[in-house]
Amino acid sequence: MTLLEVRNLSVSYGGVAALSGVSVSVPEKGVVAVVGANGAGKSTLLKSIAGVVHTRNGQIVLEGSDIVSLKPHERLDRGLALCPEGRRLFPEMTVFDNIKIGAYRNHNSGQFRQRLDMLYDIFPRIAERRHQVASSLSGGEQQMVAIARALISQPRILMLDEPTLGLAPKMILEVARLVQTVSAEGIAVVMVEQNAKLALRISNYGYVLETGELRLEGASAELMKSDHVVRAYLGG
Ligand code: ATP
């Protein structure tokens with residue numbers, strides 16, 4: 001079943017096209033990867049879905065209804081959570097307070113505690129460091145906090161913008177494991193990555209964006225065998 005469908009989406013910044021006629025489908029379960037080089041429009045796609053950039057044309061259909069006119073917080077209420085590129089934590093606030101920000105739409109404290117305990121189970125490293133300020137954590141740990149902040153809202157779709165950027169190889173593997181854990185919980189994941197190898201390895205379906213247009217799409221295992229993908233993104 002399709003949960004979210006982006007149809008023929010176009011976005012431009014000051015008259016310069018960043019996305020042109022892009023269509024992407026996100027099923028209820030599984031991991032969707034969007035790969036592409038710097039400036040291909042990957043972040044713009046996620047920001048459009050989250051409602052933080054204005055779309056010029058096209059539809060964003062969640063469970064049959066177009067959400068293009070909804071504000072970012074209304075989209076969050078419908079289950080769309082974005083974990084932005086660069087993590088965007090408040091460095092001087094504690095890990096706990098950073099995560100709490102993600103629950104700002106939910107005022108049910110019982111639910112919050114329950115959800116938090118569940119997240120601490122998934123992220124034991126973060127649980128241990130919950131009273132530390134975010135800036136004292138390693139890059140990988142900060143990425144975990146940013147993901148936890150997105151997950152505390154109990155999203156149906158978790159959108160990750162370059163979650164492995166700048167991380168050490170060991171942490172990249174941890175993030176990959178985490179994506180699989182989140183997916184196994186029944187949350188759909190859309191992952192935007194310059195690290196095509198990793199993204200295609202852990203996703204079910206993939207899209208290749210090039211200068212704002214979709215160049216290729218397909219089952220990730222198939223995409224990894226495509227000549228173009230091998231040549232342009234997998235270093236072979
Ligand atoms: P990266 O991995 O470098 O973030 P990306 O694939 O996510 O790249 P986007 O950030 O979506 O690409 O950018 C797509 C295009 O839109 C680029 O040419 C970029 O310079 C431009 N762009 C992005 N944000 C803005 C903005 N706020 N104002 C003007 N142009 C922008």
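Each ligand, and each atom within it, is numbered from 1 in the order the structure gives.
Close approach of ligand 1 to Ala40 (heavy-atom distance below 4.0 Å) involves ligand atoms 5 (P), 6 (O), 12 (O). Close approach to Thr44 involves these atoms of ligand 1, each under 4.0 Å from a residue heavy atom: 9 (P), 11 (O), 13 (O), 14 (C). Each of the atoms 15 (C), 16 (O) of ligand 1 lies under 4.0 Å from some heavy atom of Ala18. Residue Ala37 approaches ligand 1 through these ligand atoms, each under 4.0 Å from one of its heavy atoms: 6 (O). Annotation for ligand 1: atoms under 4.0 Å from non-hydrogen atoms of Glu162 are 2 (O). If you number the atoms of ligand 1 from 1 as listed, the ones under 4.0 Å from a heavy atom of Ser43 come out as 4 (O), 5 (P), 7 (O), 10 (O), 11 (O).
The proximity of Lys47 to ligand 1, defined as any non-hydrogen pair under 4.0 Å, does not occur for either the backbone or the side chain.
Within a 4.0 Å radius of atom 9 (P) of ligand 1, the protein has at least one heavy atom. By the definition of a contact as any protein heavy atom under 4.0 Å away, atom 19 (C) of ligand 1 is not in contact.
Residues Glu193 and Thr164 bring a donor and an acceptor atom of their side chains to less than 3.5 Å of each other. Side-chain atoms of Ser43 and Asp161 form a donor-acceptor pair, as typed in the model, at a separation below 3.5 Å. Using modelled atom types, one finds no donor on one side chain facing an acceptor on the other under 3.5 Å when comparing Thr55 with Ser48. Using modelled atom types, one finds a donor on one side chain and an acceptor on the other under 3.5 Å when comparing Arg56 with Ser12. Donor-acceptor pairing under 3.5 Å is recorded for the side chains of Thr44 and Tyr13.
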Worked verdict on Ser20 versus Ser10 for side chain to side chain donor-acceptor pair (under 3.5 Å): CA-CA 4 Å; Ser20 310; Ser10 297; 5.3 Å; no

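Taking each heavy atom of Leu89 and Ala134 in turn, the nearest pair found is CD1-CB, 4.1 Å.
Remark: Ile202 CD1 to Asn195 CG distance equals 9.0 Å, nearest 0.5 Å. How far CG of Leu46 is from CD1 of Ile157: 10.5 Å, rounded to the nearest 0.5 Å.
Ranking protein heavy atoms by distance to atom 1 (P) of ligand 1, first place goes to Asn38 OD1, 3.6 Å. Atom 12 (O) of ligand 1 has its closest protein heavy atom at Gly41 N, 3.1 Å. Residue, atom and distance of the protein heavy atom nearest to atom 17 (C) of ligand 1 are Gly39 O, 3.8 Å. Distance from atom 31 (C) of ligand 1 to its nearest protein heavy atom, with residue and atom name: Tyr13 CD1, 3.2 Å.
For the residues Glu210, Gln194, Glu193, Glu85, the heavy atom positioned nearest atom 2 (O) of ligand 1 is part of Gln194.
No more than 12 heavy atoms of other residues, nucleotides or ligands sit less than 6.0 Å from atom CZ of Arg88.
The closest approach between Gly14 and ligand 1 stays at or above 4.0 Å for every heavy atom of the residue.
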